[in-house]
Amino acid sequence: MKFRNLLLLSLFSSMLLLLSCQINRGKKKEIIAEYSEPYRPLIHFSPPSKWMNDPNGLVFFEGEYHLFYQYYPESMIWGPMHWGHAVSTDLVHWQHLPIALYPDSLGYIFSGSALVDYNNTSGLGKPDKPAMIAIFCYHSPVLEKAGKDTFQTQGMAYSLDKGRTWTKYAGNPIVPNPGLRDFRDPKVSWNAETNKWIMALAAGNCIQFYSSTDLKKWAFESEFGKNLGAHGGVWECPDLIKMAVNNSKKESKWVLLVSMNPGGPNGGSATQYFTGNFDGHHFMSDNEKTRWIDYGKDNYAGVTFSGIPENDGRCISIGWMSNWQYATSVPTKPWRSAMTFPRQLNLEKGRDEYNIISNPIDEIEQLRERKITLNPFIASGNIDLTKEVPFGLSPIEIIADFSLPQTGFANEFGFELTNSKGENIIVGYSNQTNKFKIDRLNSGKNDFSKDFSGIQYSGELKPEKIISMHIIIDLASIELFGQSGRVAMTDIFFPNEVFNCLRAYCKGGSVKCDRVTIYKLNNIWDSIINKQKSGIPE
Ligand code: FRU
């Protein structure tokens with residue numbers, strides 16, 4: 001009897017094991033497929049499935065870069081916001097973690113920031129365990145539906161286990177709403193001059209600053225920007241950063257990033273910036289001009305990492321690679337949106353202004369698998385480079401320098417990617433207007449929005465003899481860093497067939513290609529996919 005029972009038990013458990021293996025296999029297949037769908041970015045962060053918008057709470061802590069993001073896990077369109085979560089040890093390969101913050105009775109969890117409270121100013125940490133603190137906007141759908149204006153407040157949550165689990169602060173909200181419908185996206189940083197925390201907050205058509213000594217009680221300091229900069233839409237997602245000036249040792253400046261939707265230079269969402277001084281209470285701009293972080297249509301709500309170690313010292317930003325004009329209808333499945341490749345921001349002193357320079361972070365070098373360097377050549381008309389790039393076009397990086405001959409120089413030149421359907425994406429520079437452009441007029445699917453198709457232009461640059469382009473191409477996006485990062489342009493696209501031909505083009509004259517280096521880049525999801533294939537849990 002005993003023996004029969006044992007036999008039955010072991011038969012039953014073998015069946016269970018078999019069943020769970022089948023389920024796991026099914027699951028494994030499902031996850032692997034998630035990284036090979038059409039338009040799935042191969043070197044950019046995207047969630048495995050469902051809706052994502054702004055990057056949130058970018059913070060470095062104990063060897064990990066945290067990327068939280070606006071996430072709606074139930075649908076492919078925007079809805080009740082959560083904070084999705086991923087970590088990376090190199091800013092390039094990401095590991096997905098469970099959702100960090102869920103909506104609660106105070107509302108959805110809108111955008112915000114994260115920091116590490118090393119000195120335990122909040123008292124929420126333990127002597128040997130500094131708390132990781134997330135400060136975000138609560139958006140109450142209940143108050144909104146009730147017709148109140150006060151539906152956005154600021155809240156706080158903390159984690160004592162490297163961001164794996166979070167507790168909402170019992171005294172939320174930490175900043176009540178003063179009667180403003182748009183009152184959100186807190187970015188909190190430590191101000192060493194006043195020994196206080198400073199919160200930059202988007203408040204309709206300006207940025208407000210608050211200060212605190214304990215992260216719990218906040219005092220209003222000042223507001224900035226009602227009569228400065230671009231005001232085509234509501235201001236969102238500010239970031240106040242102190243930056244060293246690159247080419248002027250020992251000098252530093254304050255920079256204020258302000259996203260705005262709509263009203264970007266090429267339509268829809270975009271991020272402007274101000275340079276100036278912050279005395280711990282007020283931000284004062286030193287420039288009247290409107291300046292944009294990126295002139296493409298698809299880099300929004302970008303903010304920078306907190307907690308980057310001093311011996312690194314970089315200012316690293318990530319933006320949302322989409323635009324509110326069409327984000328909810330782009331033809332990707334089963335997820336929507338990706339982040340930009342992380343960028344290093346630098347500040348450069350010009351003749352009478354300080355300008356932001358953006359470039360891909362050096363960690364991109366880890367992804368370079370093969371390198372092709374072309375001999376210098378003169379282009380007049382089109383030069384097919386497809387054969388030179390036997391490894392295909394996605395993802396690749398192109399680094400090129402062009403110079404103009406004494407006479408007969410080209411009106412416009414650059415690169416064009418095409419496919420056999422005659423679709424193309426063009427990235428170029430016009431010598432007549434001194435502007436870069438990305439043309440996605442004929443880049444494939446575009447009927448999902450009247451605002452998608454078009455040509456984007458950068459601002460006008462000062463004429464130069466050498467034009468440099470650093471370009472990152474993924475399956476459905478292009479990022480241009482022109483003139484060593486003085487211009488950045490980011491655009492997404494959706495060809496009906498992968499782009500597989502590359503040409504250098506030149507219109508009306510000739511141009512010399514002094515240097516063209518092309519790198520094949522490795523898929524950042526390969527290690528996750530390989531682990532999944534071999535059954536090692538992620
Ligand atoms: C910017 C934004 C933020 C807001 C969040 C909501 O894209 O509108 O202002 O907090 O998205 O998802």
Side-chain angles (χ1 to χ4, degrees), residues 47 50-58 67-85 99-103 106-114 134-141 143-144 150-157 173 175 177 180-188 199-208 225 230-239 256-264 267-272 293-294 297-303 317-330 335-340 490 492:
K50 308 300 181 194
W51 169 268
M52 174 181 83
N53 57 292
D54 313 359
N56 295 148
L58 304 180
L67 165 60
F68 301 90
Y69 51 89
Q70 289 285 279
Y71 189 48
Y72 184 35
E74 303 294 327
S75 167
M76 294 230 328
I77 54 169
W78 189 92
M81 284 289 115
H82 300 52
W83 272 26
H85 190 194
I99 290 174
L101 296 174
Y102 285 80
L106 291 177
Y108 305 156
I109 314 293
F110 271 21
S111 286
S113 51
I135 296 189
F136 50 84
C137 166
Y138 267 124
H139 177 105
S140 163
L143 292 182
E144 188 182 18
T150 53
F151 50 82
Q152 295 187 338
T153 56
Q154 316 315 315
M156 170 158 80
V175 184
N177 187 300
L180 293 169
R181 288 182 68 80
D182 294 297
F183 187 65
R184 57 178 176 267
D185 309 338
K187 172 78 194 237
V188 176
M199 177 191 291
L201 201 59
N205 59 353
C206 69
I207 300 304
Q208 293 191 342
H231 281 280
V234 64
W235 282 19
E236 301 183 314
C237 301
D239 193 358
L256 182 65
L257 308 182
V258 177
S259 284
M260 186 185 73
N261 178 52
S269 333
T271 304
Q272 58 183 321
I293 282 283
D294 192 306
K297 285 194 75 159
D298 299 299
N299 177 5
Y300 191 58
V303 283
S317 87
I318 293 183
W320 174 44
M321 202 153 56
S322 198
N323 189 311
W324 280 116
Q325 282 183 330
Y326 42 74
T328 52
S329 51
V330 293
W335 85 101
R336 274 214 177 92
S337 301
M339 295 300 179
T340 62
T490 306
I492 52 176

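Each ligand, and each atom within it, is numbered from 1 in the order the structure gives. As the structure is a computational prediction, the values presented were derived from the model and not from experiment. No hydrogens, no waters, no symmetry mates; every other heavy atom, side chains included, goes into these values.
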* 4.5 Å side-chain heavy-atom contact, His82 and Pro103 -> yes
* Got the residues with a heavy atom under 4.0 Å of ligand 1, by chain and number? -> Asn53, Asp54, Gln70, Trp78, Met81, Phe110, Ser111, Arg184, Asp185, Glu236, Tyr300, Trp324
* Give the ring-plane orientation class for Trp320 versus Trp51, where under 30° counts as parallel, over 60° as perpendicular and anything between as tilted. => perpendicular
* Kindly write out the residues that satisfy side-chain hydrogen bond (donor to acceptor under 3.5 Å, both in side chains) with Asp182, not counting sequence neighbours, or none if the list is empty. => Arg184
* **Ser140, Cys137, Pro173 screened by side-chain contact (heavy atoms from CB on, under 4.5 Å) with Thr153, the one that passes** => Pro173
* So which heavy atom on His231 is nearest to which on Gly225, and how close? -> NE2-O, 2.7 Å
* To do: Test Asn53 against every option in Phe110, Tyr71, Trp324, Tyr72 by the side-chain contact (heavy atoms from CB on, under 4.5 Å) rule and name the one that passes.
  => Trp324
